[in-house]
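Presented below is the structure to which this report refers.
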Amino acid sequence: MIRFESVSKVYDDGTTAVDSLDLEVPTGTLLALVGPSGCGKTTSLRMINRLIDPTRGTITLDDLNVLSTDRVSLRRKIGYVIQHAGLFPHRTVVDNVAALPRLLGGDRKSTRTRALELLEVVGLDERFANRYPWQLSGGQQQRVGVARALATDPPFLLMDEPFSAVDPIVRTQLQDEFLRLQAEIGKTIVMVTHDIDEALKLGDHVAVLRTGGVLAQYGTPLELLTAPVDTFVSEFVGGARGYRALGFERLAADAPINPHAAVRIGDSLAGRGWTVVVDERGRPLGWIDGAAASEASLAHLHQTSRFVARSASARELLDGALAGPGGSVGLVDDDGTFIGVLRAADVLAAAEKVAA
Ligand code: ADP
Ligand code: MG
């Protein structure tokens with residue numbers, strides 16, 4: 001648990017960067033700190049590991065008051081990832097990752113072995129281990145940065161715009177990988193970003209700050225999307241709020257699944273329109289158009305349709321229905337068996353019911 005109690009930071013020139021901030025990050029969750037440039041995100045983050053000391057207020061990690069903890073033992077507990085990774089340019093990738101454990105007294109062999117394991121954890125091939133940072137792409141450097149932050153296996157992780165410096169496609173990929181990694185390691189994380197989509201995607205909770213370092217709203221992504229407290233938050237969260245909120249709704253029992261008779265390869269399609277083809281274990285192979293083929297074959301399957309788990313978010317269901325033939329999405333249960341279809345209109349109706 002990380003807790004801020006009435007934390008303020010006034011810089012020497014009189015700038016109030018953070019104003020009486022109260023925050024709580026439950027153990028094993030990720031808090032995304034988001035807001036416009038200059039609203040005090042970095043200052044808030046750096047007060048946690050004492051790169052900056054607060055002017056007033058208290059920050060605690062579990063039961064530890066950070067102001068009465070020496071910086072060295074604090075940083076052993078707190079991994080830190082920054083934009084552009086901040087790697088040591090004259091050290092190899094593996095030595096970058098092993099640097100802090102070595103400094104803390106680990107021997108060369110075991111710290112190196114552990115560093116190689118961590119590189120694998122963040123998805124970097126072994127052949128990068130002995131290269132220098134400048135020989136890596138931005139996305140690869142960012143992965144090394146994450147591995148380095150995890151090197152002492154700290155319970156807490158601070159991340160300042162960790163994915164901002166890479167192009168959108170790589171960014172999405174790094175975010176997805178990071179979500180999978182966090183599901184395994186369950187660190188207590190504060191991540192700073194100016195990107196509201198990133199905050200909503202990665203945060204268990206999101207804190208929106210406004211200029212002057214004042215907390216505008218703290219809540220889950222769904223709370224921010226469905227119940228912004230004022231126009232600053234609603235404008236920051238953005239115009240496509242309704243559609244984004246669908247990404248967090250699970251419709252489960254509220255969506256009426258329409259039974260749909262499926263066929264196997266070789267079956268006749270006489271008298272059928274769009275039909276789902278399944279394999280011998282009942283798993284969907286694709287849709288086929290009964291008006292265009294007389295029997296089911298792999299060659300005639302619709303190419304772009306997807307099948308979605310019944311537990312998927314409303315947005316995935318809606319995307320599936322809009323992309324699927326005939327405006328329907330095919331659903332599968334947990335073991336991948338085809339269970340029926342859902343029309344786009346039914347997804348929207350169920351989403352409205354859940355939101356009401
Ligand atoms: P963010 O990370 O949200 O962009 P920062 O925490 O970096 O914001 O900065 C918050 C405010 O504090 C800004 O107005 C910034 O100009 C000011 N600031 C940051 N560092 C200093 C400093 N060392 N001295 C004076 N003002 C600073
Ligand atoms: Mg910043």
Side-chain angles (χ1 to χ4, degrees), residues 2-25 30-61 66-67 71 74-75 78-87 138-139 141-142 145-146 148-149 156-168 171 174-175 178 188-203 205-219 221 224 228-238:
I2 301 175
R3 179 181 284 132
F4 278 61
E5 286 167 279
S6 308
V7 174
S8 297
K9 176 66 190 181
V10 183
Y11 284 109
D12 291 342
D13 66 359
T15 307
T16 298
V18 176
D19 192 1
S20 204
L21 189 59
D22 291 304
L23 281 178
E24 223 171 74
V25 192
L30 189 150
L31 173 73
L33 265 184
V34 67
S37 176
C39 70
K41 304 181 294 295
T42 294
T43 303
S44 300
L45 195 75
R46 292 164 69 110
M47 287 192 288
I48 301 171
N49 61 0
R50 290 193 64 192
L51 285 169
I52 298 173
D53 278 339
T55 310
R56 277 183 300 279
T58 317
I59 301 175
T60 45
L61 303 180
V66 303
L67 277 182
R71 288 181 167 79
L74 203 56
R75 280 167 211 166
I78 308 176
Y80 186 41
V81 185
I82 57 175
Q83 195 176 350
H84 299 298
L87 302 175
Q141 290 183 32
Q142 220 47 56
V146 173
R148 190 177 59 171
F156 304 100
L157 208 53
L158 308 180
M159 308 177 83
D160 195 344
E161 306 268 5
F163 309 126
S164 299
V166 293
D167 69 69
R171 191 183 314 156
L174 290 174
Q175 290 167 344
F178 188 75
T188 306
I189 305 174
V190 181
M191 182 191 73
V192 160
T193 177
H194 63 272
D195 174 358
I196 184 68
D197 284 310
E198 181 165 275
L200 295 170
K201 177 174 177 180
L202 299 184
H205 296 95
V206 177
V208 183
L209 296 182
R210 68 173 93 236
T211 307
V214 178
L215 181 65
Q217 187 167 0
Y218 170 94
L224 290 185
V229 291
D230 58 22
T231 51
F232 173 77
V233 176
S234 63
E235 277 168 20
F236 195 75
V237 171

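Heavy-atom basis, side chains included; hydrogens, waters and symmetry copies ignored. Just so you know, ligand 1 is whichever comes first in the structure, and atom 1 is the first atom listed for that ligand.
- No hydrogens or angles considered: a donor-acceptor pair under 3.5 Å links the side chains of Asp13 and Thr15.
- Considering backbone and side-chain N/O of Ala17, none are found under 3.5 Å from N/O of ligand 1.
- Looking at Gly212, Gly14, Gly40 and measuring to atom 8 (O) of ligand 1, the nearest heavy atom belongs to Gly40.
- Atoms of ligand 1 found under 4.0 Å from any heavy atom of Ser37, numbered from 1 in the order shown, are 4 (O).
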As a quick check of understanding, evaluate side chain to side chain contact (heavy atoms under 4.5 Å, CB included) for Asp230 and Arg210, giving each step before the final call. CA-CA 12 Å; Asp230 58 22; Arg210 68 173 93 236; 2.8 Å; yes
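- Less than 4.0 angstrom separates atom 15 (C) of ligand 1 from none of the non-hydrogen atoms of the protein.
- Below 4.0 Å from some heavy atom of Thr43 lie the following atoms of ligand 1, by number and element: 5 (P), 6 (O), 9 (O).
- With values rounded to the nearest 0.5 angstrom, Leu33 atom CG is found 10.0 Å from Thr193 atom OG1.
- Regarding atom 4 (O) of ligand 1, its nearest protein heavy-atom neighbour is Gly38 N, 2.7 Å.
- Between Leu61 and Ile78, some side-chain heavy-atom pair lies under the 4.5 Å cut-off.
- Counting only distance, with no hydrogens or angles, the side chain of Glu5 and the backbone of Ser20 share no donor-acceptor pair below 3.5 Å.
- Taking backbone and side chain together, Thr42 holds an N, O or S atom under 2.8 Å from the Mg ion (ligand 2).
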Determine, step by step, whether Asp195 and Lys201 satisfy the salt bridge (Lys or Arg N to Asp or Glu O under 4.0 Å) criterion, reporting the C-alpha distance in whole Å, the side-chain angles of both residues, the deciding distance to 0.1 Å, and the verdict. CA-CA 10 Å; Asp195 174 358; Lys201 177 174 177 180; over 6 Å; no
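- Looking only at heavy atoms of the protein, atom 7 (O) of ligand 1 is closest to Thr42 CB, 3.8 Å.
- Salt-bridge formation is not detected for the pair Asp197/Arg171: no Lys NZ or Arg NE/NH1/NH2 atom is positioned less than 4.0 Å from an Asp or Glu carboxylate oxygen.
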Apply side chain to side chain contact (heavy atoms under 4.5 Å, CB included) to residues Leu30 and Phe178 and explain how you reach the verdict. CA-CA 11 Å; Leu30 189 150; Phe178 188 75; 3.7 Å; yes
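- Of all the heavy atoms of Asp13, the ones lying under 4.0 Å from any atom of ligand 1 belong exclusively to the side chain.
- Within a 4.0 Å radius of atom 26 (N) of ligand 1, the protein has at least one heavy atom.
- In terms of protein heavy atoms, atom 19 (C) of ligand 1 is closest to Tyr11 CE1, 3.4 Å.
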